[in-house]
Amino acid sequence: MVNDKKAREKLVRISDPKDVDTINDKLDSLGLSNDLQRNMFLDAFPKQYSMLYNAGCLILPFFRQKGSLLHPETLSSLNGFASIWCCIENILLAAASEGIFGVTRIPMSEESAHIKAVVGHPDDYVMPCYIALGYPANDTSRTKQNDLSVDAKIHLNCW
């Protein structure tokens, strides 16, 4: 957990978008062309930095990964990865049961080296996401997202 504001600023500073052009360059590199998605990210990136910095609680979950996560020797080599996401889900569910909002943010590729430099974790540990917990601001706005049909996503008895 990172409670100290100076340590938190040093940790999340790399995720602070500098301007709209920087965010648009990142979205272009990700191949996002859908206007709704782009608008969502243009709104979300600055909020994410603020959320990580100002959250009531910032948790950095780690798991130990022996060998390559992207090229595991066996399916069992992914047990740590699967287990940490179960832990993350349980943290979010426990927070929600207490009326606390919880969100995750997966670090972009360039952030992993920065996190290691700041935290100093061992080489065989991986941080899959930040977990920010807190109460939402009263004036929080929501960006329009794609409308999805539950019936189109849930399949019963056959695809």
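Side-chain atoms are counted along with the backbone in the values below, which use heavy atoms only and exclude waters and symmetry mates. What you see is a predicted model, and the numbers here were worked out from it, not measured in a lab. For the single chain, residues carry numbers from 1 onward in sequence order.
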Aromatic ring pairing Y49/Y53, orientation class (parallel under 30°, perpendicular over 60°, tilted between): parallel
Supply the atom-to-atom distance [X] [atom1] to [Y] [atom2], rounded to the nearest 0.5 angstrom.
| X | Y | atom1 | atom2 | result |
| --- | --- | --- | --- | --- |
| E98 | L133 | CD | CG | 11.5 Å |
| C86 | I91 | SG | CD1 | 11.5 Å |
| D151 | L156 | CG | CG | 9.0 Å |
| N34 | N39 | CG | CG | 9.0 Å |
| R64 | I84 | CZ | CD1 | 14.0 Å |
| N3 | I59 | CG | CD1 | 9.5 Å |

Is there side-chain contact between [X] and [Y], with at least one heavy-atom pair below 4.5 Å?
| X | Y | answer |
| --- | --- | --- |
| S77 | K66 | no |
| F63 | S83 | no |
| L42 | N24 | yes |
| E73 | L78 | no |
| F62 | V119 | yes |
| P61 | C87 | no |
| P128 | I106 | no |

Cluster link Y125 to V118, ILVMFWY, side chain under 4.5 Å: yes
Shared hydrophobic cluster for W85 and L75 (ILVMFWY, side-chain gaps under 4.5 Å): yes
Minimum heavy-atom separation for [X] and [Y], please, with both atom names.
| X | Y | answer |
| --- | --- | --- |
| C57 | M1 | SG-SD, 3.1 Å |
| L32 | Q37 | CD2-OE1, 3.4 Å |
| Q65 | G67 | CG-O, 3.4 Å |

One thing to verify: whether [Y] and [X] come together as a salt bridge, which I'm taking to mean a side-chain N less than 4.0 angstrom from a carboxylate O.
| X | Y | answer |
| --- | --- | --- |
| D28 | R38 | yes |
| E111 | R105 | yes |
| K47 | D43 | yes |

H155 NE2: over 12 foreign heavy atoms closer than 6.0 Å: yes
Verdict with supporting geometry, L93 and E89, side-chain contact (heavy atoms from CB on, under 4.5 Å): CA-CA 6 Å; L93 289 170; E89 178 184 38; 3.9 Å; yes
Stepwise side-chain contact (heavy atoms from CB on, under 4.5 Å) test for L11 and L60: CA-CA 10 Å; L11 179 69; L60 309 180; 3.6 Å; yes
Candidate pair V126 and K116, rule side-chain contact (heavy atoms from CB on, under 4.5 Å), full reasoning: CA-CA 9 Å; V126 178; K116 181 169 181 14; over 6 Å; no
Sole residue of L58, V103, L92 in side chain to side chain contact (heavy atoms under 4.5 Å, CB included) with I131: L92
I115/Y130 under side-chain contact (heavy atoms from CB on, under 4.5 Å): CA gap, chis, key distance, verdict: CA-CA 11 Å; I115 292 165; Y130 300 91; 3.6 Å; yes
